[in-house]
Structure formats: C-alpha cells, structure tokens
Chemist: 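The following block contains the structure, expressed as structure tokens.
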Amino acid sequence: MRLAVVVPCFNEEMVIESFDAKVRTVLDSLPVDYEICYVDDGSSDNTLGLLRELAEKHPGGLRYTSFSRNFGKEAAMLAGLREAEGDAVVLMDADLQHPPELIGKMLELHSRGHDQVIARRDRDGESRLRRSLGRAYYRMVNRWVDVELADGVGDFRLLSRRAVDALLSMPEQNRFSKGLFSWIGFDTVTFDYTNVAREAGETKWRFGALVNYGVDGLISFNNKPLRVAIHLGLVLAALAALYVVWIVISTLAFGVRTPGYATLLAAIVGLGGAQMVMLGLVGEYIGRIYYETKRRPHFLVKETSAPTLALNRIRTNIGTVGTGNAVSTGNREIGQ
Ligand code: UDP
Ligand code: MG
C-alpha cells in the first residue's frame, strides 16, 4: 500500500518542520510506503527554502512544488493531487490543526472499503459569533445546494485512487473543493475529532475571504438562486396585482384620493434593491462563465523537485483537460 500526503503551504515557515517531523513519526509507525507532497502556494517567507532542505534530508520520501505566486489553497490542493502517486491520498493542512495521528484511523477505514474517509472537526475554541454564523450558513446552504455540504467537514480526508482520479477529471476553473468532494460521491465515511488550535503562525482567512467562500459554496453547485429570483419576481408581481385591485375598488367606493407618497417611495426603493440583488446574482453566474471560457491554467509552477514527473503529468492533464500549455526549461517548468 502506497500513501501520499498532500500538504498546501502558504507562509508556514513557523510550523513546516515540526509538521514534517510529526507526520513522519506517525507514518513510520504505519504499514505503508509513503511520500509527502508539499505545495508551496507562493509563500513570501522561507517556506520554500525549508522545503528544499527537507527534500535533501528525505530523498525519495518528499516532493515539493512551488507556485509562481499565491494561487489559493484550492489550486495548491489540485497541484498536490496531480502530483501524488499512490493508492490513497491524504489531504491535510500544514499548521497541525489536522492531527497526524488520525491518519492511522483513516487508513483502517479505507481498508474496509471506503473511498473517502472524512475527519470532521467540532467547533471547539471558535468564537461564538463565528460558530453560530457557521451553523446558520450550513443550514441555509443545505436547503439550497444540490450537493450536501456538511458543517465542520474541511479538506482533511483520505481519498482512494479512484476518488482522486474522479476529482482530477473535473476541469472546472472555479474549484470549490467541498462541493467537488461531495459531488463525486463514492463510499464515504465520516468520523469526528476535537478541533485544535493552530500550532504557530496565523490563519490566512480574513472575514471577507470567508464571506466570498460562502458565496462560492452557494453558487458553484447549482442554479437555485436564479430560481429564487424567478419566484420572488412572481410573488412581487402577484402582490402588485392585488394592490391594483385594491386601489380600483377603493377608488370606486370612496372616490379619488391621492395619498401614498410613502407607499410609492417604499415600493420604488424596495423593488430597486431587489432588482440590484438579482442582477448581481445573474452577473455572478455570468462572471463564472467568463472565467471558465478563458481556460487559464489553475496555477503556474516556479520550481519543483520532480520536474520530469511533473511535466509528464502536466502533459497528461493537457490531454485530458485540454487547457494550458507546458514549457520546460531545465528543472523548471511552466504548465497548467
Ligand atoms: N493555504 C494555502 N494557500 C492560501 C491559504 C492557505 O495553501 O492561500 C494553506 C495553509 O498553508 C494551510 C491550509 O491552507 O496549510 C489552511 O490554511 P489556514 O490554516 O490559514 O486556514 P484555517 O485552518 O484557518 O481554515
Ligand atoms: Mg489552519
């Protein structure tokens, strides 16, 4: 059994070494051949330097790829999955918030035939505001979205080879992993663990980024928000029709009166607002089409420890996905 551990890293110089040591200790105690695939997501600190050192220390057991700039965690995970070989892949964060000890349990569940083994964290240690916002969000999303998105379920999981291949076969530019994981299906099992605080460094999520991520979750996987726009329009039109009937009747019964300045203003402002929201929504979908049609590569590689291999994979991916191009210059390459 060969296992690959994929780790996206963005400015993780404070933890990367202790992460590597801890994961190795755990993996050494398990009956697997393993390889750790680090993806440096355009860090501005010394993360890449540390990865080079680690690669020298563990030839064969470590692979790293470094992006030309920060492309985001989704792109980093994609790169790691493309690079990872092996019968199963574990995705985990570099900050030790995903306890390495759980890999053993994941492997055990995998050996019982599960293709996706998900570790779900509780919300211990989060601020009450963030916790209740999170809960409310997932309740709303699951009412709307076609694929199930579970609270507390992040990217920490084990994927079998065929689950990884399924993920890689999806060519979309806009990669909302939580949705993709859920969309591919396969035999999935979830177990819980207690949330742990980041070992060092700080979270890369700002509140604004979280809100954007939330919108992605709503929009990436379905067109129900557009449906809602239609329903809302119908309801408003029906209410307007009723109001007209009421005005006609009251004019016939009581004669002409011309109050209604407030009503008029409220209606104009309210409807204007609703229209803007709906327009924004439509724009959001069109924007996604725009980005999809560009078919840009998801990331650019600046440096990698496995150039020929990475290049082959890039070529293969061009074959299957049909985007981007690859240029090789010595041990560096640019590709999708
Ligand atoms: N990460 C990344 N690119 C980014 C942001 C984050 O590769 O643009 C990595 C980061 O190094 C870490 C993981 O994604 O390994 C999770 O990030 P973080 O701990 O900041 O998120 P949180 O745990 O707070 O959700
Ligand atoms: Mg974290």
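First listed ligand is number 1; within each ligand, the first listed atom is number 1.
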Chemist: Counting only heavy atoms closer than 4.0 Å, does ligand 1 sit against the backbone of N70, its side chain, both, or neither?
Modeler: side chain
Chemist: Within the 3.5 Å criterion, strictly below it, is a donor on S43 or E13 matched to an acceptor on the partner's side chain?
Modeler: no
Chemist: Which of the numbered atoms in ligand 1 are under 4.0 angstrom from any heavy atom belonging to A94?
Modeler: 15 (O)
Chemist: Which atom names give the shortest non-hydrogen contact between A88 and M1, and what distance separates them?
Modeler: CB-CE, 3.6 Å
Chemist: Is there any N or O on P8 that sits under 3.5 Å from an N or O of ligand 1?
Modeler: yes
Chemist: Mark yes when over 12 heavy atoms from residues, nucleotides or ligands other than Y291 sit less than 6.0 Å from its OH; otherwise mark no.
Modeler: no
Chemist: If hydrophobic clusters are built from ILVMFWY residues whose side chains come within less than 4.5 Å, do Y290 and L226 share one?
Modeler: no
Chemist: Under 2.8 Å from the Mg ion (ligand 2), which protein N, O or S atoms are there? Could you list them by chain and number?
Modeler: D95 OD2, Q97 OE1
Chemist: Look only at interatomic distance and state if A76 has a nitrogen or oxygen under 3.5 Å from any nitrogen or oxygen of ligand 1.
Modeler: no
Chemist: Ignoring hydrogens and geometry, is there a side-chain-to-backbone donor-acceptor pair from D115 to A163 under 3.5 Å?
Modeler: no
Chemist: If you define the side chain from C-beta out and look only at heavy atoms, does anything of V39 sit under 4.5 Å from V7?
Modeler: no
Chemist: Does the plane of the ring in Y38 sit parallel, tilted or perpendicular to the ring in F19? Use 30° and 60° as the thresholds.
Modeler: perpendicular
Chemist: Going by atom type alone, with no hydrogens or angles, which donor-acceptor pairs under 3.5 Å involve a side-chain atom of residues 26-35 and a protein atom two or more places apart or on another chain?
Modeler:
residue : atom : partner : partner atom : Å
D28     : OD1  : Y34     : OH           : 2.8
S29     : OG   : V26     : O            : 2.6
E35     : OE1  : R63     : NE           : 3.4
E35     : OE1  : R63     : NH2          : 3.1
E35     : OE2  : R63     : NE           : 3.3
E35     : OE2  : R63     : NH2          : 3.3

Chemist: Which of the numbered atoms in ligand 1 are below 4.0 angstrom from a heavy atom of D95?
Modeler: 19 (O), 23 (O)
Chemist: Have a look at ligand 1 and work out which part of E12, if any, has a heavy atom under 4.0 Å from it: side chain, backbone, both or neither.
Modeler: side chain
Chemist: Using a 4.0 Å cutoff against the non-hydrogen atoms of G72, which atoms of ligand 1 qualify?
Modeler: 3 (N), 8 (O)
Chemist: Taking 4.0 Å as the limit for heavy-atom contacts, which would you say applies to D41 with ligand 1: side chain only, backbone only, both, or neither?
Modeler: side chain
Chemist: Just by distance, no angles: are the side chains of Q116 and R157 close enough, under 3.5 Å, to form a donor-acceptor pair?
Modeler: yes
Chemist: Could you tell me which atoms of ligand 1, counted from 1 in the order shown, lie closer than 4.0 angstrom to a heavy atom of Q97?
Modeler: 19 (O), 22 (P), 23 (O)
